[in-house]
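One structure below.
In the text below, chain A, chain B and the rest are named by the order of the sequence lines, each starting its count at 1.
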Number of protein chains: 2
Amino acid sequence: MLHEAAVFQAIASPRRCEILRLIWAEELAAGDIHRAMPDVTFGAVSLQLRQLLDAGLVRMRAESRSRLYRARREALGAVGKMLERMWDDALWRLKLEAELEETRRGPRPQARRKKKKG
Amino acid sequence: MLHEAAVFQAIASPRRCEILRLIWAEELAAGDIHRAMPDVTFGAVSLQLRQLLDAGLVRMRAESRSRLYRARREALGAVGKMLERMWDDALWRLKLEAELEETRRGPRPQARRKKKKG
DNA sequence: TTTATAATTTAGTTTAAACTAAAATGATTG
DNA sequence: CAATCATTTTAGTTTAAACTAAATTATAAA
């Protein structure tokens, strides 16, 4: 297991958390990660990836011209579990927000109705 | 349970972690906390305490002129467990370091000897 | 070898956090 | 009430993190 202080420091940045989330379940190239966060430069993403790598929170392997990153979930231990819960909560919030939006466009149903799919 | 992002942010600072450690097992007045970290001003300590309070990581109660703080261990959940482990490790490191120091002043004993007290 | 692609690194800038010194608050004592 | 103590708050400074733009490295394709 990693030195917790380093882990806390690493995940304190929303940017690094977002990167971790992106490469939590799949391996992505640095460029893919950057495309998912177009509000910053490629350089900025690369620097954060380096920090995560130095902290031991992600793995990297070179494939042809690309460098593929993925989270070292096993190294994150309990912090990882908490990140997952946080991300799940975010999804839940989005879902909730969508439902709230729906209610704003029509009368609030008495009881939960089966949603029409689509 | 608290919003994890806020917890991560709060514990990312070594100063705030140190404060949490001080008030983990006992209630301390702001002034006591400051006396334990004389490298910063009272004002600085007070500001960090306010952050911890706003983040919901500590409780405060006023008693006479003092304000007594203590960690809300229950609110910290798994992060709290990790902090504890981190602090235990620190103690262990100190102990180890002391033993190493001892070996530098004399021949390394074959097996652990009972320490002379004082 | 030249050109293009993928990423990293560097140097300098912006931004935010932590801090200090001093002023303000609020309870307690004389 | 004034004086003191414990603490907080404010305004301004220092320091560190994140960022950008541009230069650099490394791989692959033409």
Side-chain angles (χ1 to χ4, degrees), chain A residues 3-23 26-72 79 83, chain B residues 3-23 26-72 79 83:
Chain A
H3 195 239
E4 262 87 12
V7 177
F8 291 155
Q9 169 53 38
I11 60 175
S13 147
R15 185 71 68 190
R16 285 190 293 270
C17 278
E18 177 65 6
I19 291 176
L20 278 177
R21 192 179 61 79
L22 285 167
I23 59 178
E26 60 175 336
E27 201 177 37
L28 286 182
D32 296 330
I33 297 168
H34 174 231
R35 270 181 285 281
M37 30 179 72
D39 56 315
V40 282
T41 61
F42 199 167
V45 172
S46 183
L47 289 170
Q48 298 288 9
L49 281 170
R50 165 159 272 288
Q51 282 195 52
L52 287 168
L53 198 60
D54 289 348
L57 271 61
V58 307
R59 269 190 206 299
M60 186 268 280
R61 71 184 177 91
E63 176 158 301
S64 167
R65 285 184 280 206
S66 296
R67 276 146 195 258
L68 302 172
Y69 289 87
R70 67 189 161 95
R72 289 189 58 216
V79 173
L83 286 173
Chain B
H3 196 240
E4 262 89 12
V7 177
F8 292 153
Q9 168 54 37
I11 61 176
S13 147
R15 185 71 68 191
R16 284 190 295 269
C17 277
E18 177 65 6
I19 292 176
L20 278 177
R21 192 178 62 79
L22 285 167
I23 58 178
E26 61 175 336
E27 201 177 36
L28 286 182
D32 296 330
I33 297 169
H34 174 231
R35 272 181 285 282
M37 30 179 72
D39 56 316
V40 282
T41 61
F42 199 166
V45 172
S46 183
L47 289 170
Q48 297 289 10
L49 280 169
R50 164 159 274 286
Q51 282 194 53
L52 288 169
L53 198 59
D54 289 348
L57 271 61
V58 308
R59 268 189 207 300
M60 186 267 280
R61 72 185 177 91
E63 176 158 301
S64 170
R65 285 184 282 206
S66 296
R67 277 147 194 258
L68 301 172
Y69 289 87
R70 66 187 162 95
R72 290 188 57 217
V79 173
L83 286 172

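- At a threshold of 4.0 angstrom between heavy atoms, the contacts of A/R16 are confined to the sugar-phosphate backbone, with no base atom among them.
- Judged by distance alone, the side chain of A/R67 and the main-chain N or O of A/A30 form no donor-acceptor pair under 3.5 Å.
- In this structure, B/L49 atom CG and D/dA6 atom C1' are separated by 13 Å, rounded to whole Å.
- Rounded to whole Å, the distance from CG on B/D32 to P on D/dC5 is 16 Å.
- Across the protein-nucleic acid pair, B/R15 atom CZ and C/dT20 atom P stand 8 Å apart, rounded to whole Å.
- Ion pairing of A/R21 with A/E18 is present here, as a side-chain N (NZ or NE/NH1/NH2) and a carboxylate O approach within less than 4.0 Å.
- For B/Y69 and D/dA6, the shortest distance from a side-chain N or O to OP1 or OP2 is not below 4.0 Å.
- Among the heavy atoms of the strands, none lies under 4.0 Å from A/A62.
- Relative to the side chain of B/F42, the nucleotides D/dT10, D/dA6, C/dA6 differ in distance, and D/dA6 lies closest.
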Contact state string [nucleotides 22-27 of chain C, B base, S sugar-phosphate only, - no protein heavy atom under 4.0 Å]: -----B
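- Among the heavy atoms of the strands lying under 4.0 Å from B/D39 are primed sugar atoms or P, OP1, OP2 only; no base atom is included.
- When atom types are taken as modelled, the side chain of A/S66 and the backbone of A/L68 share no donor-acceptor pair closer than 3.5 angstrom.
- Along DNA chain D, the nucleotide nearest A/V40 and the nucleotide nearest A/Q9 are compared for position; the residue whose nucleotide lies closer to the 5' end is A/Q9.
- Using a 4.0 Å heavy-atom criterion, one finds that A/Q51 contacts the sugar-phosphate atoms exclusively.
- Not one N or O on the side chain of A/R16 forms a donor-acceptor pair closer than 3.5 Å with the backbone of A/L52.
- Among the atoms of the strands shown, only primed sugar atoms or phosphate atoms (P, OP1, OP2) are found under 4.0 Å from some heavy atom of B/S66.
- Atom P of nucleotide D/dC19 and atom CZ of A/R50 are separated by 17 Å, given to the nearest angstrom.
- Note on A/A30: only backbone sugar-phosphate atoms sit closer than 4.0 angstrom, heavy atoms only; bases stay farther off.
- Within the 4.5 Å cutoff, the side chain of A/V79 has heavy atoms near those of the A/F8 side chain.
- Counting only distance, with no hydrogens or angles, the side chain of B/H34 and the backbone of B/G43 share no donor-acceptor pair below 3.5 Å.
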